[in-house]
Amino acid sequence: MPLVTIDVIKDVFTPAQKKDLITKVTEAMIEVEGENMRPVTWVRINEFHSGDWAIGGKPLRTSDVQALATGKAA
């Protein structure tokens, strides 16, 4: 049974956006694996606290991701 895990930083995505992620990722998996696999296709979202995730040794915070999403990242 397929299990897809999406790691995100807490408070970046709204509950509605997380629901949309789950729905769309599920549909992408079903498109590849076939409709019969829907009942056993799992998608889960893990949320990490702001600063508990780093890229290149630099902590990534909620505000950093929000700035990226709005095109205001440095």
Side-chain angles (χ1 to χ4, degrees):
M1 70 190 175
L3 169 62
V4 178
T5 303
I6 303 168
D7 293 338
V8 299
I9 295 175
K10 189 173 172 80
D11 298 325
V12 169
F13 294 96
T14 66
Q17 288 172 315
K18 289 185 282 187
K19 181 179 178 184
D20 199 29
L21 274 171
I22 290 168
T23 299
K24 289 180 178 180
V25 169
T26 299
E27 292 307 317
M29 291 298 296
I30 297 307
E31 185 177 321
V32 172
E33 64 193 11
E35 185 62 39
N36 289 337
M37 295 297 284
R38 184 179 297 275
V40 294
T41 298
W42 295 26
V43 178
R44 65 182 182 176
I45 296 176
N46 287 333
E47 291 186 301
F48 292 86
H49 290 284
S50 181
D52 284 354
W53 185 318
I55 298 175
K58 181 183 178 218
L60 192 60
R61 304 193 183 289
T62 303
S63 59
D64 298 326
V65 179
Q66 290 168 335
L68 278 169
T70 61
K72 297 178 182 174

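Side chains included, hydrogens not; waters and symmetry mates left out as well; all remaining heavy atoms used.
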Treating Ile, Leu, Val, Met, Phe, Trp and Tyr as nodes and any side-chain heavy-atom pair under 4.5 angstrom as an edge, say whether [X] and [Y] lie in one connected cluster.
{"X": "F48", "Y": "F13", "answer": "yes"}
{"X": "I6", "Y": "V12", "answer": "yes"}
{"X": "L3", "Y": "V40", "answer": "yes"}

**Study point:** Smallest separation among heavy atoms of P59 and D64, with atom names
**Key:** O-OD2, 3.7 Å
Study note, to complete from the structure: Of all heavy-atom pairs linking I9 and S50, the shortest is CG2-CA, 4.0 Å
[atom2] on [Y] to [atom1] on [X], rounded to 0.5 Å:
{"X": "L21", "Y": "I45", "atom1": "CG", "atom2": "CD1", "answer": "5.0 Å"}
{"X": "K18", "Y": "I22", "atom1": "NZ", "atom2": "CD1", "answer": "8.5 Å"}
{"X": "L68", "Y": "L60", "atom1": "CG", "atom2": "CG", "answer": "7.0 Å"}
{"X": "R61", "Y": "D11", "atom1": "CZ", "atom2": "CG", "answer": "13.5 Å"}
{"X": "T14", "Y": "K19", "atom1": "OG1", "atom2": "NZ", "answer": "11.0 Å"}
{"X": "M1", "Y": "M37", "atom1": "CE", "atom2": "CE", "answer": "9.5 Å"}

Review point. Side chains of R38 and T26: does their closest heavy-atom pair fall under 4.5 Å?
Key: yes
Practice item. Could you check if a side-chain atom of W53 sits within less than 4.5 angstrom of a side-chain atom of D7, using non-hydrogen atoms only? Key: yes
Review point. For E35, does the CD atom have more than 12 heavy-atom neighbours from other residues, nucleotides or ligands under 6.0 Å away?
Key: yes
